[in-house]
Structures are given as structure tokens and as C-alpha cells.
Number of protein chains: 2
Amino acid sequence: MTRARAAVLSALEAASEPLSAAGVASRLTGACDQATVYRALHHLEEAGLAESFVLHCAMHGVERYYAAASSTHRHWFHCESCHRFVDLGECRLGGIVSELEREHGLRVTRHTMYLTGVCGDCAAIEGGRPRDGSRGRRGAAT
Amino acid sequence: MTRARAAVLSALEAASEPLSAAGVASRLTGACDQATVYRALHHLEEAGLAESFVLHCAMHGVERYYAAASSTHRHWFHCESCHRFVDLGECRLGGIVSELEREHGLRVTRHTMYLTGVCGDCAAIEGGRPRDGSRGRRGAAT
DNA sequence: GTACATTTGCGAATCATTCGCATTATTGTC
DNA sequence: GACAATAATGCGAATGATTCGCAAATGTAC
Ligand SMILES: [Mn+2]
Ligand SMILES: [Mn+2]
Ligand SMILES: [Zn+2]
Ligand SMILES: [Zn+2]
């Protein structure tokens with residue numbers, strides 16, 4: 001495990017939610033180049049030390065998020081108001097996935113699932129509480 | 001419904017699988033500009049006439065795919081060998097989603113789920129049967 | 001420690017998607 | 001059907017996340 005990879009992995013482990021490559025880079029404050037961050041993330045995922053999924057959110061657009069691999073595969077909810085992630089815990093799709101696998105004669109090697117909407121905190125404070133209203137895409141159409 | 005939007009919608013309806021913006025454009029052979037295709041897709045989705053999801057595949061990279069909205073919300077499987085989609089039929093996640101919604105106090109407005117792996121046809125012909133081996137990303141890391 | 005195999009930094013591409021704006025369609029109104 | 005107001009298009013130029021190429025720096029195996 002090289003210096004850079006270890007740094008990226010601990011950034012993921014320290015975070016309470018999935019991070020984008022930019023998110024990881026910002027927590028390493030220039031410790032290593034962005035290309036290295038991307039390469040390290042790819043490596044960690046191949047090595048089974050991290051998991052990723054591509055999320056589309058109106059404000060942040062399309063970005064790939066990474067989380068340190070935990071003992072069990074898990075899924076997330078993304079709040080479109082405060083843009084935080086909520087850990088939904090251990091994957092409960094095993095049954096459905098193997099059912100579909102059987103019914104359609106497939107060999108499923110991977111599945112992606114995530115929910116989006118408004119988290120409890122934001123729902124309480126009607127209108128939402130944008131935690132990071134700063135950075136935003138130009139009026140992205142969706 | 002304008003000319004361009006109607007054209008994009010029928011392209012989606014005629015297709016047996018989700019199409020990327022490029023896929024739609026190619027079936028309209030220059031009938032309208034690519035920016036218009038993107039704008040039409042956004043419009044159709046907002047109008048509830050189409051559904052989309054962002055998929056990450058080693059060969060095609062990250063792309064957003066659109067399908068004409070059917071009577072019921074549905075999910076897909078993407079074969080990483082022939083790169084075709086298999087319609088998994090009506091969504092069966094309702095139970096799990098509302099369960100998670102309750103447990104975590106969320107208001108889920110949308111969910112994304114897709115499976116990837118090797119389809120039956122490709123599994124049969126061991127080694128896979130790349131149907132569109134042409135266009136491919138430069139050796140994308142993942 | 002020397003030689004070979006990996007990994008990094010940098011800066012320059014890529015590629016899907018979005019913008020800005022001037023030019024057409026559309027649509028509702030006499 | 002012509003006319004004004006509004007929305008949609010075409011084009012070409014950005015954007016922004018991610019990837020590449022290659023030389024310099026590290027890590028690893030005798
Ligand atoms: Mn977001
Ligand atoms: Mn594909
Ligand atoms: Zn929230
Ligand atoms: Zn296949």
C-alpha cells in the first residue's frame with residue numbers, strides 16, 4: 001500500500017458518507033495530485049477496499065462516489081436538499097436480485113441502488129436546510 | 001409537442017432498450033441538433049414521458065440512459081459483454097423502499113436500481129459475444 | 001545497492017453535457 | 001390567416017469530471 005493510496009483510503013474511512021474524487025482530494029489538501037486520487041480510487045475498488053456508485057443529483061450533476069468497503073455491501077440515500085448521504089445499512093436486495101437472476105437467466109456480478117429525496121432533518125425544517133448551498137452547477141436542466 | 005420532441009419520444013418508444021443521448025441522436029440521423037436531443041430528453045422526463053438513470057459500464061463509461069415511460073416504473077440489467085439491456089419488468093422495490101423510508105425517516109421521491117453482469121446469451125457462448133465491439137473508451141481504468 | 005517494476009506529477013486531452021444567442025417554430029388572439 | 005408574445009432550435013463555444021502520455025520519483029527483489 002503506497003503513501004497516496006493509504007491517504008485516500010483513510011480519507012474514505014474517516015468520512016461518514018461516500019466521497020467524490022474531488023471530495024477526497026479536498027481532504028488531502030494537495031497531498032497528492034488529482035490524477036493520483038482517481039488512480040488510487042480505481043485501485044482501491046479493484047482491490048475490494050472501496051465501493052463506488054455513480055449518482056445524479058440536480059445540484060451536483062453526475063459524479064462517482066466512493067466509500068470504504070465495510071464488512072457488508074450497503075446502500076445510501078441522498079438528500080436533494082442538504083446533499084448529505086444517509087447510510088441505509090446492509091443491502092437487502094439479495095432476494096430480489098437472485099430472483100431476477102433466475103427468472104431472466106442472468107449472471108449478476110454487481111448491482112447499484114440508491115434512493116433520493118428529502119431527509120428527515122430537511123423535511124422537519126420545511127423548505128429544507130441547504131448545508132452547502134455554495135458550489136452549484138449552472139442551471140442544470142434536471 | 002414539437003417536431004423534435006416527438007421525434008425523440010418515438011425513438012425511445014421504438015427502441016427495445018434504454019438509449020443514451022448519442023443513441024437517440026444516431027437514430028434521428030441528423031434530424032436535429034444534439035443540444036436539442038438533450039433538451040428534449042430533459043423535457044420528456046420532466047413531463048413524465050420518459051425515465052432515466054445514469055449507468056457506469058467499463059466499455060462505455062458513464063452515460064445517462066432514457067426509456068419511454070411505461071405504465072409502471074421498471075428496472076434494467078446491463079450485460080457487460082454484449083452491452084445490451086434486459087428488461088427486468090415492473091419494479092419490485094416498493095416494499096423495501098417504504099421500509100427504509102420509515103426506518104430512517106426519509107421522504108423518498110425517486111430510486112435508481114440496475115444490475116450488471118453477463119446475460120444468458122453471452123454466458124452460453126463462453127467468452128461472450130461482443131455485439132458492438134467497435135466504439136470503446138480508451139482503456140478506462142474501471 | 002543496483003536493476004526492474006510501479007506509482008506519481010503535470011499538463012494536455014477526452015467526452016458527455018450544458019450554455020449563450022441569434023434564428024425559427026408554436027400558440028393564442030383578432 | 002396575419003400578428004405579437006413565448007417557447008424551442010441550431011451552432012459553436014464552454015464546462016467539468018475523468019483519463020492519458022511521459023518523464024521523474026518510489027518501491028521491490030536480488
Ligand atoms: Mn447532491
Ligand atoms: Mn455498456
Ligand atoms: Zn437533508
Ligand atoms: Zn450479453
Side-chain angles (χ1 to χ4, degrees), chain A residues 1-9 11-12 18-47 49-50 52-66 78 83 132 134-142, chain B residues 1-11 18-47 49-50 52-66 78 83 132 134-142:
Chain A
M1 174 83 49
T2 68
R3 197 184 317 293
R5 290 173 182 173
V8 170
L9 179 55
L12 292 183
L19 299 177
S20 63
V24 170
S26 76
R27 294 167 197 233
L28 266 52
T29 41
C32 63
D33 187 76
Q34 73 172 20
T36 300
V37 170
Y38 279 101
R39 289 190 279 229
L41 288 170
H42 289 153
H43 177 86
L44 292 172
E45 184 164 32
E46 278 171 34
L49 296 171
S52 78
F53 57 93
V54 178
L55 175 85
H56 172 271
C57 144
M59 173 171 280
H60 300 94
V62 173
E63 276 186 311
R64 190 162 174 183
Y65 289 86
Y66 293 82
H78 181 69
H83 299 279
D132 67 344
S134 48
R135 58 192 169 163
R137 315 192 82 215
R138 318 150 261 173
T142 287
Chain B
M1 174 82 50
T2 69
R3 199 183 316 291
R5 290 174 181 171
V8 170
L9 180 54
S10 41
L19 299 177
S20 62
V24 170
S26 76
R27 293 165 198 236
L28 266 49
T29 43
C32 64
D33 188 76
Q34 73 173 21
T36 300
V37 170
Y38 279 101
R39 289 189 281 227
L41 288 170
H42 290 151
H43 177 86
L44 292 172
E45 184 164 31
E46 278 173 31
L49 296 171
S52 78
F53 58 93
V54 178
L55 175 86
H56 172 272
C57 143
M59 173 172 281
H60 300 95
V62 173
E63 276 185 310
R64 190 162 173 183
Y65 289 85
Y66 293 81
H78 181 68
H83 298 280
D132 67 341
S134 49
R135 58 195 170 151
R137 315 193 81 216
R138 317 149 263 172
T142 287

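A, B, ... follow the sequence lines: proteins, then strands. Residue 1 opens every chain.
- A:Thr36 pairs by the side-chain hydrogen bond (donor to acceptor under 3.5 Å, both in side chains) definition with nothing, not counting sequence neighbours.
- The OH atom of B:Tyr66 sits 11 Å away from the C1' atom of C:dA16 (whole-angstrom rounding).
- A:Arg5 pairs by the side-chain hydrogen bond (donor to acceptor under 3.5 Å, both in side chains) definition with A:His43, not counting sequence neighbours.
- Taking atom CE of residue B:Met59 and atom C1' of nucleotide D:dT19, one finds them 17 Å apart after rounding to whole Å.
- A straight line from NE2 of B:His43 to C1' of C:dT26 spans 13 Å, rounded to a whole angstrom.
- Among the heavy atoms of the strands, none lies under 4.0 Å from A:Ala25.
- Under the 3.5 Å distance criterion, the side-chain polar atoms of B:Ser26 are matched with a main-chain donor or acceptor of B:Gly23.
- Ring orientation note: the planes of B:Tyr65 and B:His78 are tilted relative to one another, at an angle of 30° to 60°.
- For the side-chain contact (heavy atoms from CB on, under 4.5 Å) test, residues two or more places apart in sequence or in another chain that qualify with B:Ala50 are B:Leu12, B:Leu44.
- Rounded to whole Å, atom C1' of D:dT18 lies 14 Å from atom CD of A:Glu45.
- Between the C1' atom of D:dA17 and the CG atom of A:Leu41 lies a distance of 13 Å, rounded to the nearest Å.
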Watson-Crick and G-U pairing of DNA chain D written in dot-bracket, each distance under 3.5 angstrom, with | for inter-strand partners: ||||||||||||||||||||||||||||||

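- Between B:His42 and C:dT18 there is a side-chain N or O to OP1 or OP2 distance below 4.0 Å.
- As rounded to whole Å, 10 Å separates atom P of C:dG9 from atom CG of A:Leu28.
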Between protein and nucleotides 21-30 of chain D, map the contacts as a letter string: B base, S sugar-phosphate only, - none, heavy atoms under 4.0 Å, written 5' to 3'. B-----S---

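- Under the side-chain contact (heavy atoms from CB on, under 4.5 Å) criterion, B:Arg27 pairs with B:Ala15, B:Leu19, sequence neighbours left out.
- Looking only at distances, a side-chain donor or acceptor of A:Glu45 sits under 3.5 Å from a matching main-chain atom of A:Ser52.
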Test side chain to side chain contact (heavy atoms under 4.5 Å, CB included) on A:Tyr66 and A:His42 and set out the steps. CA-CA 10 Å; A:Tyr66 293 82; A:His42 289 153; 3.7 Å; yes

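- Using a distance-only test at 3.5 Å, with no hydrogens or angles considered, a donor-acceptor pair links the side chain of B:Ser10 to the main chain of B:Ala7.
- Here D:dT18 is the nucleotide among C:dT8, D:dC11, D:dT18 with the atom lying nearest to any side-chain atom of A:Arg64.
- Comparing atom distances between the A:Thr36 side chain and each of C:dG9, D:dG10, C:dT17 picks out C:dG9 as nearest.
- Residue contacts for B:Ala40: at a heavy-atom cut-off of 4.0 Å it reaches no nucleic acid atom on any strand shown.
- Of the residues near DNA chain D, B:Arg5 and B:Gln34, the one whose nearest nucleotide (by heavy atom distance) lies more toward the 5' end is B:Arg5.
- Applying the 4.0 Å criterion to OP1 and OP2 of C:dT17, one finds that B:Tyr38 has a side-chain N or O inside that range.
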